[in-house]
There are 2 protein chains.
Amino acid sequence: MPRNPEANQKIRQERKERILAGALELFVRNGLSGTKISEVARKTNMSDGLVYHYFSSKEELFITLVEGALNRIIEACERLESMDLEPHKQIKYAITELVKGIRSNPSACLYHALVFQAAICENIPGKAKKNIQKNHVKPYEAITRIISNGQKLGTIRKGNPEDLSFFFWNTINGLAIHQAMYGKSAQSPQLESVYPIFLIQMESKSNVRHKWIRGS
Amino acid sequence: MPRNPEANQKIRQERKERILAGALELFVRNGLSGTKISEVARKTNMSDGLVYHYFSSKEELFITLVEGALNRIIEACERLESMDLEPHKQIKYAITELVKGIRSNPSACLYHALVFQAAICENIPGKAKKNIQKNHVKPYEAITRIISNGQKLGTIRKGNPEDLSFFFWNTINGLAIHQAMYGKSAQSPQLESVYPIFLIQMESKSNVRHKWIRGS
DNA sequence: GTCTATATCCAGATAGAC
DNA sequence: GTCTATCTGGATATAGAC
């Protein structure tokens, strides 16, 4: 095939995505320094050199993934808060969609797990670290606000909103990591049934149409 | 000081413990492959060579720590189950003691975090991996049994016992990691108040005398 | 755009002096 | 028991051919 700038662009895009997808899984399973570029290459059926053709370093790869993961979650929270729903329904919606995403979309749980891991880790690239420091509290704050609102309306259970939010994300992250580790093989906890019990007052089920998190 | 086998033994013991303590923190923060022996040495004011004098490899160090952490938790569970308490009081006791340990004892939360991290990680030494595979479900099973018992007696809330156990440990681990990351600086979630609400029926507070987890 | 070969560096581990 | 000097393997990253 002759030089075709457009086709080249397509290839570049596809390669980048394949590399990112492969690296995401390896980073989650083995950590930043435990992941070798050669593994990423083998996993994506490329040569080491080709990976470096698309990403200048292992760190850049990591930074890109962390940024993507954070954006994904933060944007979802913004969309959630801008929805015209009562607070307790927002919580219910968030739980439903998050759990659904984690269950059905393999990369969704990897994104959650990556951010969680990166937040723990000390020796990650400065750029990723700053990004995390600046942004990883946003989802916590969003849920805290929603819970506060719900408590004022009397539709969400009592308790320190920050603690409940911590509790909320803690469980989501735990589920994501559990799913990332054992996948579909193990039976996964039925958190849908647990959440409403402790967090919100019960109410009848409602159907929601549009997607909350993009790209699932 | 002349050769004194007894004093030597003391020194050996003290050195080993210092190395283990330093490595524990680094492993939790940076992962296995992200932790360098030179860092462990610097942190404990020893030379690289001296660390190798006490532990033949970085992996041995890691294996030792994982084993210790698992034992700590598993023994605590055995002690818990052998206690002559009603199930819901066993749960209450476990929560109280675990949270107390995580809050007051810096190394307690590191142990929890280490096992959690090691369970996620793919590229850990085979011996540690087998140990984890064989043992890390035990605490889950113990809590599952207690919850089952409590449900039969009607003192613990309904729900799949395995899910509730997952939920239980998930939150404990989350708290431990949170504490390991931010320490006392950040205000830590008041999980004592959250737990009883979702897990067990309320009952009056009771004082317990003896230690549940050794070495705290 | 893709591959192979290779330079470079760094961390794990050892040897031997004190 | 402790340190310094050193060997060695392996991983990051680059150069250049196709």
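Each chain gets a letter, A, B and so on, in the order the sequences are listed, and its residues count up from 1.
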*asked:* Using a heavy-atom cut-off of 4.0 Å across all strands, would you classify T35(A) as base, sugar-phosphate, or nothing?
replied: sugar-phosphate

*Measure from CG on L61(A) to C1' on dA11(D) and round the result to the nearest Å.*
15 Å

*Looking only at side-chain atoms of L50(A), point me to the closest of dA13(C), dT2(D), dC3(C).*
dC3(C)

_What is the separation between atom CD1 on I37(A) and atom P on dC3(C), rounded to the nearest whole Å?_
15 Å

*Establish, with yes or no, whether the OP1 or OP2 oxygen of dT2(C) is under 4.0 angstrom from a side-chain nitrogen or oxygen of H53(A).*
no

*For Y54(B), which contact category applies under a 4.0 Å heavy-atom criterion: base, sugar-phosphate, or nothing?*
sugar-phosphate

*Euclidean distance, atom CZ of residue R42(A) to atom P of dT2(C) [Å, nearest integer]*: 19 Å

*Would you say K10(B) has more than 12 foreign heavy atoms packed within less than 6.0 Å of its NZ?*
no

*Examine F62(B) together with F55(B) and report whether their ring centres are nearer than 6.0 Å.*
no

*asked:* Measuring from the side chain of K58(A) (C-beta onward, heavy atoms only), which nucleotide among dA13(D), dG12(C), dG1(D) has the closest atom?
replied: dA13(D)

*To the side chain of K36(B), which of dT2(C), dA13(C), dA11(C) is closest?*
dA11(C)

_SB check E97(A) K100(A) (cutoff 4.0 Å)_ = yes

_Side chain of R12(A) (C-beta onward), nearest among dA13(D), dG1(C), dT14(C)_ = dG1(C)

*Side chain of I11(A): nearest nucleotide among dT2(C), dC3(D), dT14(C)?*
dT2(C)

*Salt bridge flag under 4.0 Å for residues E14(B) and R18(B)*: yes

*Q13(B) has an atom CD; how far is it from atom C1' of dG1(D), in whole Å?*
15 Å

*For K10(B) and dG1(D), give me the distance from atom NZ to atom P, rounded to whole Å.*
15 Å

*Just how far, in rounded Å, is P of dA7(C) from CG of D48(A)?*
17 Å

_Length of the line joining F62(A):CZ and dT12(D):P, which is rounded to integer Å_ = 14 Å

*Nucleotide dT6(C), atom P - distance to OH of Y52(A) in whole Å*: 18 Å

_Just checking K127(A): does its NZ atom have more than 12 heavy atoms from other residues, nucleotides or ligands closer to it than 6.0 angstrom?_
no

